[in-house]
Amino acid sequence: MVDAATPSRKDAGDGKAFYVTTPIYYVNDAPHIGHAYTTVAADVLARWHRQRGETVWFLTGTDEHGQKVMRSAEANGVSPRAWADRLVETAWKPVLSTIDASNDDFIRTTETRHTERVREFWNHLYDARQVYPGTYEGPYCVSCEEFKLPNELLDGEDGAKLCPIHGRPVEMLSETNYFFKLSAFTDKLLAYYEEHPEFVQPESARNEVVAFVKQGLQDLSITRSTFNWGIPVPWDDDHVLYVWIDALLNYVTAAGYRTDPLLFKRVWPADVHLVGKDILRFHAVIWPAMLMAAGLPLPRTVFAHGWLLVGGEKMSKTKLTGIAPSQIVDTFGSDAFRYYFLRAIQFGSDGSFSWEQISAIYTSELANGLGNLASRVAAMVGRYFGGTLPAPAAAGPAETALAERLAETVRIADEAMGGLRFHEALAAIDSFTDAVNGYLTEQEPWKVAKDDSPAARDRVATILYTAAESLRAISVLHNPVMPKSAAALWKELGAAETLGELDLQPLTNAGRWGLLPPGSVITKGEPLFPRIEEPDTK
RNA sequence: GGGGCGGUAGCUCAGCCGGUUAGAGCAUGGGACUCAUAAUCCCUGGGUCGCGGGUUCGAGUCCCGCCCGCCCUACCA
């Protein structure tokens, strides 16, 4: 029973938790890598902050009301709720495990914990006279039986506006419904953007939002009466709430709004709402206005990321460029999926996806770079020290340089992650991995090992310790991004026995040198990132 | 129509307030090495910086015009 769903992790701990959200996904779409991209970014952020030792609350979920879902359900001969249940269980929830999402909660807008709170929220605003009855007038297509968007209409002859589906003239129709006094918040929003430049990111998104609001806001029609798949308006049974006005509230209803004051206090306001740029306005204009109207604190940041482009064009189902996450994960694994999208695309900008590119990055950075490094270190500790990590002797300039490089890498990566510059963080970690590979090649421990004098043996010990210690740090740094591989590496280093669980290694200390205790038992396992001989170039 | 962003090496992209021979990663080619997942390390790139003008001692980097792609210009999610 969905309504009985309980958060998997209620222990948000003491103090303010880092609260990150994805949008709730509209169940009527098929999940594609665009959705997974957002979720992965949120997940990496959540895991990164957990690794820093912070308490974290990571929410995702599904948006299930509205006309489209209702119509699909009808077309499939089932109730809207049954249709939504099916999509959630067969499509949306499975994606989360496909990409290894570690969400603390999953909210559905059809759950009573949501619907009841939404009704209360709007009833409150209605009582506070923030909502009033009015008339919505817009272009309506009789064939579609729905209102159309002014900008999707086609121009017909003699200036008539045509329905893009039926090619027939639309007529202006009006509908009585309820309006939220959004216009009253124009100046307050502008002032807020001004005072909180970090509220809408990146800069380009912020500029668009500000420009939009500066035009002046109109009141927003928040109810519909032409169909009934939605949350009933508390004061008028003939209307249901407009789906967005319902959906946005998930961020608070799932955070214990009006039901769990302790959780709510600990979690709200959200630190980051991650959204695609297509839904920026709802999150950066309507949502904060709703919160202002209700007297609730606003989220710290709404971050809009870009589109994934396939073949230079925005991914779309109709052009058959919509790709299911499993298509990629089946070939490269969930870790590489996560790594690739955050590594190859500047978060906030549009990014090109191609099989060639993911294949290239997988091979060069993961298989040849990190994976091979782990193999060569494990092999040499096995060969020269029977698998037991030796204690290092005196550090030379090369060791000191690498240790300093590590500290710098952790600093850069942490700062970049804090600013949602995932690609920058991963570039720094990759660059450090390269440095370790270069260090080994320069020090040539395999040559030093041919001399069996005590001094030479000490030198080999120092070199291999240095490399293994570097891998220890890389494990911690990569754990939020590639949890499976990082755990495998951690195990290979024998670190669980000597340092404890990987998840508990504080990221903030990851740059400290010399944490991996000598004596750790290092084993050469299966390759971390097996070579993929024939990439699926479909 | 108005506003914004982008068009830089085969690919993906950096190039802040204009200034020595235009950069990175990957791919390519050559070399070194052999611990390692035929992996690693070093060297190697001569690309009309979309097109045409202009300003300037000097312009991917500023101005004007044009071409191409994308986004915004409110109630599909």
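Computation of the quantities below employed the complete heavy-atom set of this structure, encompassing side-chain atoms and omitting hydrogens, waters and symmetry-equivalent molecules. In what follows, every chain begins at residue 1, and chains take the letters A, B, ... in the order their sequences are listed.
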Base versus backbone protein contacts along nucleotides 32-43 of chain B [heavy-atom cut-off under 4.0 Å; B, S, -]: -SSBBB-SSS--

Which letters describe nucleotides 1-13 of chain B, given B = protein heavy atom under 4.0 Å from base, S = only from sugar-phosphate, - = neither? -----------SS

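Side-chain contact between A:P202 and A:F303: present, with at least one pair of heavy atoms (C-beta onward) separated by less than 4.5 Å.
Taking the six-membered ring for Trp and thresholds of 30 and 60 degrees, A:W92 and A:Y25 have nearly parallel ring planes, at less than 30 degrees apart.
Listed by chain and number, the residues in a side chain to side chain donor-acceptor pair (under 3.5 Å) with A:K484 are A:S334 (sequence neighbours excluded). Partners of A:N437 according to the side chain to side chain donor-acceptor pair (under 3.5 Å) rule, which considers only residues two or more places apart in sequence or in another chain, are A:R376. Qualifying side-chain contact (heavy atoms from CB on, under 4.5 Å) partners for A:A428, counting only residues two or more places apart in sequence or in other chains: A:T409, A:I412. Under the side-chain contact (heavy atoms from CB on, under 4.5 Å) criterion, A:N368 pairs with A:T363, A:R531, not counting sequence neighbours. Applying the side chain to side chain donor-acceptor pair (under 3.5 Å) criterion to A:Q443, with sequence neighbours excluded, gives A:R459. The side chain to side chain donor-acceptor pair (under 3.5 Å) check on A:T388 picks up nothing, with sequence neighbours excluded. Taking the ring pair (Phe, Tyr, Trp, His ring centres under 6.0 Å) definition, one finds that A:F179 meets it with A:Y132, sequence neighbours left out.
Atom C1' of nucleotide B:A74 and atom CD of A:Q218 are separated by 7 Å, given to the nearest angstrom. Summarising the geometry, the separation between CZ on A:F282 and P on B:C72 is reported as 12 Å, rounded to the nearest angstrom. Atom CZ in A:F212 sits about 17 Å away from atom P in B:C71, given to the nearest Å. Regarding A:W92, its CH2 atom lies at a distance of 15 Å from the P atom of B:A77, rounded to whole Å. Atom-to-atom, CG of A:L220 to P of B:C75 comes out at 10 Å; the value is rounded to the nearest Å. Atoms OH (A:Y242) and P (B:C75) sit 8 Å apart, rounded to a whole Å. The CG-C1' distance, from A:L280 to B:C72, rounds to 10 Å in whole Å. The distance from atom CD of A:E365 to atom P of B:A24 is 16 Å, rounded to the nearest whole Å.
Distance noted for atom C1' between B:C68 and B:G29: 35 Å (whole Å). Between B:G53 and B:G46, the distance separating the two P atoms is 28 Å to the nearest Å. Nucleotides B:G30 and B:U55 place their P atoms 49 Å apart, quoted to the nearest Å. Comparing B:C49 with B:G18, their C1' atoms are spaced 15 Å from each other, to the whole Å. With both ends at atom P, the span from B:C17 to B:G6 equals 11 Å, rounded to whole Å. Spacing between B:C63 and B:C75 at atom P, rounded to whole Å, works out to 34 Å. Nucleotides B:G15 and B:G47 are separated by 15 Å at their C1' atoms, to the nearest Å. Rounded to whole Å, the P atom of B:G45 lies 37 Å from the corresponding atom of B:U56.
Here salt bridge (Lys or Arg N to Asp or Glu O under 4.0 Å) pairs that include residues 420-441 of chain A, with residues two or more places apart or in two chains, are A:R343-A:D430, A:R421-A:E424.
In this structure B:G60 sits in the syn conformation; its chi angle is within 90° of 0.
Residue contacts for A:N207: at a heavy-atom cut-off of 4.0 Å it reaches no nucleic acid atom on any strand shown. At a threshold of 4.0 angstrom between heavy atoms, the contacts of A:R224 include nucleobase atoms, whether or not backbone atoms are also involved. Residue contacts for A:G306: at a heavy-atom cut-off of 4.0 Å it reaches no nucleic acid atom on any strand shown. Within the 4.0 angstrom heavy-atom criterion, no nucleotide atom of any strand lies near A:Q67.
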Dot-bracket assigned to RNA chain B with the 3.5 Å Watson-Crick/G-U criterion, [ ] for crossing and | for other-strand pairs, is (((((((..((((.....[...))))..((((.......))))......(((((..]....))))))))))))....

May I have the list of side-chain donor-acceptor pairs in residues 461-474 of chain A shorter than 3.5 Å, sequence neighbours left out?
unit_1: A:T462; atom_1: OG1; unit_2: A:A393; atom_2: N; d: 2.8
unit_1: A:T462; atom_1: OG1; unit_2: A:D458; atom_2: O; d: 2.9
unit_1: A:Y465; atom_1: OH; unit_2: A:L516; atom_2: O; d: 2.6
unit_1: A:T466; atom_1: OG1; unit_2: A:T462; atom_2: O; d: 2.7
unit_1: A:E469; atom_1: OE1; unit_2: A:R472; atom_2: NH1; d: 3.4
unit_1: A:E469; atom_1: OE1; unit_2: A:L516; atom_2: N; d: 3.0
unit_1: A:E469; atom_1: OE2; unit_2: A:R472; atom_2: NH1; d: 2.4
unit_1: A:E469; atom_1: OE2; unit_2: A:G514; atom_2: N; d: 2.7
unit_1: A:E469; atom_1: OE2; unit_2: A:L515; atom_2: N; d: 3.0
unit_1: A:S470; atom_1: OG; unit_2: A:T466; atom_2: O; d: 2.8
unit_1: A:R472; atom_1: NH1; unit_2: A:R512; atom_2: O; d: 3.2
unit_1: A:R472; atom_1: NH2; unit_2: A:A510; atom_2: O; d: 2.5

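A:L220 contributes atom CG, which lies 12.0 Å from atom CH2 of A:W244 (distance to the nearest 0.5 angstrom). A:I24 contributes atom CD1, which lies 7.5 Å from atom CG of A:L248 (distance to the nearest 0.5 angstrom).
Of the two residues near RNA chain B, A:S349 and A:S221, the one whose nearest nucleotide lies more 5' is A:S349.
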